[in-house]
Amino acid sequence: MNVAERSTNLCLYNTLSRRVEPFRPIDPDRVGIYGCGPTLYGPAHIGNFRTFLFYDLLHRYLSWKGFRVHFVMNLTDVDDKTIRAARAAGLSLREYTAPYLEAVMDEAELLGVRPFSAYPRATEYIEPMIELVQRLLERGLAYSTPDGSVFFDISEFPDYGRLSGRDLDEARQSERVVEDDYGKDDARDFAVWKGAKEEDEAVGAAWDAPWGRGRPGWHLECSVMALSEVGETLDLHLGGEDLIFPHHEDEIAQSEGVTSRTFARCWVHAKHLRVDGRKMSKSLGNILTVRDLLEEGISPATVRHQLLSAQYRTELNFTREGLEASAKAIQRLLALDDRLRSHPVAQDAPGTDLPDICAQATETFQSAMDEDLNVSSAIAALFGFLNKVNSALDAAPRVLQSERAEAVAVLDSLDQVLGFLEVGRRSREVDSELREWVEGRIEARARARADRNWAAADAIREELANRGITLEDGPAGTRWTSDSASVDTPRAQG
RNA sequence: GGCGCCGUGGCCAAGUGGUAAGGCAGAGGACUGCAAAUCCUCCAUCCCCGGUUCGAAUCCGGGCGGCGCCUCCA
């Protein structure tokens, strides 16, 4: 399949139109995407990572289809929360956010999130932010207040509310009375620039601007980073569903306010996940972080699988049972990968169904993914492949080299998108010292088995099992894996 | 109150008009020194009530239940 054929057919749900529609980038050769990234005020939780893994899946899939993707994810390192937290910790903004930045990048890497094209940080875009505010002021779309703040004037932007589909007049009436100390004209106007307060200065979050010293509003950050890093019109703008209003609505107002062009052609939002059927929240005390899970011994591939197993627009329910299922699914994939690569080949082996199985898997996988990233169906296609390949290998002691190579290639190809093997293999890596020891024990066991000394053989199996090593006796001898089971399958928790 | 989503087997989850993918768990069988892995077989009529249709999990109406957003939470 060539790139042109691959490029067509992908459909995505556009929040703006509330419909699933064909993905049509302005320039098919270079897709420009901006995804809202984490705010560095604390450890990222699995909900954040569900969204980031959705980004990753889309990123990988577009690349797989042959698009050249320019994918930017920002890092918010200045906002109300980071300032408040830095202040409480007695640190500068920079000092406070640094460890969270490092953590989120590390965890993303562990989970197999491929590097994006750029990771702009808000504090590095202060100059262009000031310029954008200046232009909004010049255009009469924003006004400044005596304390040095600047607000966007919603009444000047008729399209306001289109993304989130809300009626402004009603919004006005039901508007919560928030006594904001920045003093705006209309409750619905939002801050593009916030006049410096004492706590801002304390943590180094204040910059000089023509209308007064202060710091950027949250929405402004994203507008500026997106416009600077991707361009005036994005092919896709991504985020968690909670960002639709007001964050993305405000981004649109500011961006289109200065460019007079469509800011993003398509908006795609990931649904929030639930934990054990409930919303993840501080008050319920059920916030899980990737670090928590990994420290429990759950493998990164398992977490990846669980977080990707449902389509991005469904309310994924994250459970212990689900993690166990994911762990087993990963193990089966790794087992298939090993088996396929090492299956005996022969020049004169009879042909098998493998070529058909391969073709069908790729096609089914692709049409599932094309349908608004229906990853559940796509994974089903992968498991259909797994099942049929295992059957075919059971039936054929030897296969043609070319057929085996094709099947390996398909497995690798699908994994370019899903990344389960990619991440799963890492957990199996062991150091050479362990490898040597294990292989020595296996030899000893082989001698015991040759002597039909089953007790001794089983003792060695047991010995290895205690070290997390699983043995599999097959026609070609004994194979072993550093058992991700002990790592992968958590004990049922009470 | 406004806008929106969802309710499929023990659990997770596809399927949006033609008679229920896949994963986990469970049962039986093959293979195995024992295992593991693998394979085979079995295991749901889709929250409830009406309606439309030759035909509905899938469309419409009404219930019941769960959930999200509504100013800074991905």
Side-chain angles (χ1 to χ4, degrees), chain A residues 15 18 35-39 41 44-52 54-55 76 79-81 161 164-167 170-171 173-176 178 180 187-191 217-219 238-247 249-250 269-274 277-282 305-306 309-311 313-332 335-336 338-339 364 368 371 374-384 386-387 389-395 449 452-455 457-458 461 465 470-474 478-481 483 485:
Chain A
T15 305
R18 288 159 200 270
C36 282
T39 298
Y41 70 102
H45 52 65
I46 57 171
N48 295 298
F49 277 100
R50 190 221 182 163
T51 299
F52 304 152
F54 152 62
Y55 293 180
T76 294
D79 81 322
D80 293 357
K81 284 187 310 236
S164 52
R166 59 190 65 220
D167 184 313
E170 280 180 24
Q173 282 159 22
S174 66
E175 192 64 47
R176 219 182 279 181
V178 179
D180 193 298
R188 301 162 305 156
D189 289 348
F190 60 89
W218 178 40
H219 320 302
L238 317 175
E241 59 170 339
D242 56 301
L243 299 182
I244 296 170
F245 186 88
H247 187 53
E249 201 74 75
D250 293 351
H269 294 96
K271 203 120 186 145
H272 282 185
L273 57 68
R274 297 214 251 161
R278 314 190 68 184
K279 178 184 177 171
M280 189 166 60
S281 74
K282 273 185 187 151
H305 180 94
Q306 166 97 161
S309 61
Q311 193 231 17
R313 273 195 302 129
T314 68
E315 223 169 47
L316 171 69
N317 189 13
F318 194 95
T319 64
R320 295 282 158 189
E321 241 180 329
L323 279 172
E324 284 172 30
S326 291
K328 291 300 293 285
I330 294 294
Q331 283 174 32
R332 287 188 70 197
L336 174 74
D338 287 344
R339 183 183 189 193
T364 312
E371 242 177 72
N374 189 339
V375 72
S376 298
S377 286
I379 291 174
L382 175 61
F383 275 86
L386 175 148
N387 196 263
V389 169
N390 273 321
S391 289
L393 296 184
D394 275 1
R449 291 180 74 211
R452 307 185 72 79
N453 183 350
W454 309 127
D458 289 348
R461 181 197 286 286
T470 303
L471 302 183
E472 289 177 29
D473 298 327
T478 299
R479 296 189 28 237
W480 64 279
T481 48
D483 185 13

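Protein chains get the first letters and strands the later ones, always in sequence-line order, with residue 1 at the start of each.
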Any base atoms under 4.0 Å from [X], or only sugar-phosphate, or nothing? Heavy atoms, all strands.
X	answer
A:Leu273	base
A:Arg18	sugar-phosphate
A:Tyr41	sugar-phosphate
A:Asp458	base
A:Gly322	nothing
A:Glu472	base
A:Gln306	nothing
A:Arg339	sugar-phosphate

Give none if [N] has no partner; otherwise give the nucleotide forming a Watson-Crick or G-U wobble pair with it, both distances under 3.5 Å.
N	value
B:A21	none
B:G50	B:C60
B:G26	B:C42
B:G9	none
B:A37	none
B:C67	B:G4
B:G55	none

Got a donor-acceptor contact below 3.5 angstrom from the [X] side chain to the [Y] backbone?
X	Y	answer
A:Glu249	A:Gly161	yes
A:Tyr55	A:Cys36	yes
A:Arg50	A:Gly240	no
A:Glu241	A:His272	yes
A:Asn317	A:Gly277	yes
A:Gln306	A:Ser326	no
A:Asn387	A:Phe383	no

For nucleotides [N] and [M], find the distance between their [atom1] atoms and express it as a whole number of Å.
N	M	atom1	value
B:C6	B:U19	C1'	25 Å
B:U32	B:U16	C1'	47 Å
B:A20	B:C42	P	14 Å
B:G22	B:A30	P	24 Å
B:C64	B:C47	C1'	8 Å
B:C24	B:C59	C1'	34 Å
B:G15	B:U58	P	15 Å
B:A21	B:C34	P	36 Å

Query raised in the report: Do A:His45 and A:Leu273 come close enough that some side-chain heavy atom pair is under 4.5 Å?
Result: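 No, their side chains stay 4.5 Å or more apart.
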Requested in this report: Indicate yes or no: at least one non-hydrogen side-chain atom of A:Asn390 is less than 4.5 angstrom from one of A:Leu386.
Outcome: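 Sidechains of A:Leu386 and A:Asn390: in contact.
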Query raised in the report: Start at the 5' end of RNA chain B and walk down; is the nucleotide closest to A:Ala455 or to A:Gly277 reached first?
Result: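 The 5'-side residue here is A:Ala455.
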Query - Whichever of A:Asn374 and A:Phe190 has its nearest RNA chain B nucleotide further upstream toward 5' - result: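 It is A:Asn374, whose closest nucleotide lies nearer the 5' terminus.
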Consider the side chain of [X], meaning its heavy atoms from C-beta on, and name the nucleotide among [options] that approaches it most closely.
X	options	result
A:Glu315	B:C67, B:A74, B:C39	B:C67
A:Arg461	B:A36, B:C34, B:G15	B:C34
A:Thr51	B:G66, B:A35, B:A74	B:A74
A:Lys279	B:G68, B:C34, B:A74	B:G68

Round to the nearest Å and state the distance from [X] atom [atom1] to [N] atom [atom2].
X	N	atom1	atom2	value
A:Ile244	B:C3	CD1	C1'	10 Å
A:Asp394	B:U32	CG	P	13 Å
A:His272	B:A74	NE2	P	8 Å
A:Asp473	B:C31	CG	P	17 Å
A:Arg50	B:G68	CZ	P	14 Å
A:Asp79	B:C72	CG	C1'	7 Å
A:Trp218	B:A74	CH2	C1'	9 Å
A:Glu249	B:C3	CD	C1'	12 Å

Within the pair [X] and [N], is there a side-chain N or O less than 4.0 Å away from OP1 or OP2?
X	N	answer
A:Ser391	B:C40	yes
A:Asn390	B:C39	yes
A:Lys81	B:C73	yes

Requested in this report: Verify the stacking flag for A:His45 against B:A74: centroid separation must be under 5.5 angstrom and the ring planes must differ by under 30 degrees.
Outcome: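 The ring of A:His45 is not stacked on B:A74.
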Requested in this report: Indicate the ring-plane relationship of A:Trp218 and A:His247, choosing parallel, tilted or perpendicular according to the 30° and 60° boundaries.
Outcome: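 A:Trp218 and A:His247: parallel rings.
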Query - Reading 5' to 3' through nucleotides 20-25 of chain B, protein heavy-atom contacts under 4.0 Å coded B for base, S for sugar-phosphate only, - for none - result: -BSSSS
Query raised in the report: Hey, mind stepping through A:Gln331 and A:Thr481 against side-chain contact (heavy atoms from CB on, under 4.5 Å) and telling me if it holds?
Result: CA-CA 10 Å; A:Gln331 283 174 32; A:Thr481 48; over 6 Å; no
